[in-house]
There are 2 protein chains.
Amino acid sequence: MDTETRLSRIRALAQAEGKVMATALAHDLDVAVQTIRRDLRQLCAAGLLERIHGGAVLPSGVSNIGYGDRRALNRDSKIRIARRAAQLIPDNASLFLNIGTTTEAVAHALHAHRNLMVVTNNLNVANILASNPSCEVVVAGGSLRRSDGGLVGDLAALAIDRFKVDFAVIGASAIDLSGDLLDFDPEEVRVSQQVIKAARATILVADSTKFTRKAPVKIASLAQVDHFVTDRVPSEALINRCADWGTKVALV
Amino acid sequence: MDTETRLSRIRALAQAEGKVMATALAHDLDVAVQTIRRDLRQLCAAGLLERIHGGAVLPSGVSNIGYGDRRALNRDSKIRIARRAAQLIPDNASLFLNIGTTTEAVAHALHAHRNLMVVTNNLNVANILASNPSCEVVVAGGSLRRSDGGLVGDLAALAIDRFKVDFAVIGASAIDLSGDLLDFDPEEVRVSQQVIKAARATILVADSTKFTRKAPVKIASLAQVDHFVTDRVPSEALINRCADWGTKVALV
DNA sequence: TCGCTTTTTATCTTAAACGAACATATGGAC
DNA sequence: GTCCATATGTTCGTTTAAGATAAAAAGCGA
């Protein structure tokens, strides 16, 4: 069984059961425990699972924000990126925020903005922005994905279809050096694509660790992005390509 | 049972009961008391519980459980009503929970139910049920109303239109003695009406203070309700009328 | 207050799980 | 063919979870 298949099997099982055990997985998928551990580590790096002794569980996500500070992965970079992205957004704007911890950081960074209209399919973002009284929050419907507070499914797509916003602020699970934005979930990808289409400008927020990650589904290309806010771009070639595409890169 | 599961079970129990005892937990979760103590210490360090001799309680002061004071109003009645309503709902059911503090209490009371499918337009309900891993949560979209975490507007109506559930669990702002259910917000009323239509059975949860309130918009009549769970019905005549209508009244 | 019981903390122990490093395929690119 | 990257398995020292035990602390009734 190849890695890709194994990862999605593990993800499916985790979604179904809430948790997975390393040794059990090793037995079921007929690979060494060490291999499973590597898989779990990868899935955790992408924020899809959280390690526990003996296996992994779905991230606490929605259920307990501010429980541990597990969310603190690359926290400083994310905050800096979020602040810069927030600067790109003027008061009185309408925008979309999708799923991802970086977009959640953007939601935090928008606390001082006035009179925004924010559409989101991220329950955490909704909770965060609820504390900004001068901001209308519209929640796109959908099935709650506990791992990250995302609302997915065709309900979300249906809802987003009714909006045309000034900015789409999107995250991505991975970015490859050719400039493709990647994600794990085809459903979420569909939403992201729809959002990019429905927005007058697209802002991509992603820290540089995303360049070392992998994910199976393509969201879009950096060519379709207007502003790319990140902490480091590992390849000079990619920066040049962004210039050609007209994608403004903001390094923080 | 792994640590993570144990911690969330303890949290859920603490939310439901208000306090937990170390020895009882050790017995229930089938681990040594020592282990439970370690768990409690961890939860307290995170500020989710407070130690007392023999166990732990919900932190006093800060309303972890409640946002406004309204929630504290008639808290005991609401909890009793919610528990009774939860008994009416079997495992594996699909249901709708609308806006209101009493329906939020029902969401809490459903913490031990298995395999539910819950549709809600109440952000608080979504947050509460997110901690029950064996429960699919579908959020109906809409504009966030900060006063009560409700999602309102035609987006919500659009979403609900796509479901047919076993139970509608609804609250009401007021009930008058002729048996009419009333609310303040015409938009929310539209959602509630739609929900009643889309459900095979309707459960109304409302404490007796609702009989002394007034509200301008009519949701429905008690005649359309299958189960009415409350703590007191002030009028003998209304009880008789419910009997005529086939509305089962459960007093707690 | 004293003394008894229960609970808590501290420390130790065992078995399981973990990560790092190394070894071994596997499959292109040249 | 060689070289290189990647994926997987293996070994080994380290870490962690959780039960057990004994001493300290807290609660409680007389």
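Reminder, nothing fancy here: chain letters follow the sequence lines and each chain counts from 1. Atoms considered below: every heavy atom in the structure, side chains included; atoms not considered: hydrogens, waters and symmetry mates.
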[X] [atom1] to [N] [atom2]: how many Å, rounded?
X       : N      : atom1 : atom2 : value
A/Leu40 : C/dA17 : CG    : P     : 13 Å
B/Asp39 : D/dT16 : CG    : C1'   : 14 Å
A/Asp2  : C/dA25 : CG    : C1'   : 16 Å

Could you check whether [Y] and [X], counting side-chain N and O atoms only, form a donor-acceptor pair closer than 3.5 Å?
X        : Y        : answer
A/Asn127 : B/Asn127 : yes
B/Asn115 : B/Glu136 : no
A/Asp231 : A/Ser77  : yes

Can you see which heavy atom on [X] is nearest to which on [Y], and at what distance?
X        : Y        : result
A/Ser173 : A/Ala215 : CB-CB, 4.3 Å
B/Val33  : B/Ala22  : CG1-CB, 4.3 Å
B/Val139 : B/Ala126 : CG2-CB, 3.9 Å

| Any side-chain N or O of A/Lys214 under 4.0 Å from OP1/OP2 of D/dA7? | yes

| Hey, is the side chain of A/Thr35 poking within less than 4.0 Å of OP1 or OP2 on D/dG9, counting only N and O atoms? | yes

| note | In this structure, CG of B/Leu25 is separated from CZ of B/Arg9 (nearest 0.5 Å) by 9.5 Å

| Just by protein heavy atoms under 4.0 Å, how would nucleotides 3-13 of chain C read 5' to 3' in B, S and -? | ----SBBB---

| task | Give me the residues of residues 10-17 of chain A where at least one heavy atom lies under 4.0 Å from an atom of DNA chain D, by number, or none. | result | none

| message | How about CZ on B/Arg6, more than 12 heavy atoms from neighbouring residues, nucleotides or ligands closer than 6.0 Å, or not? | response | yes

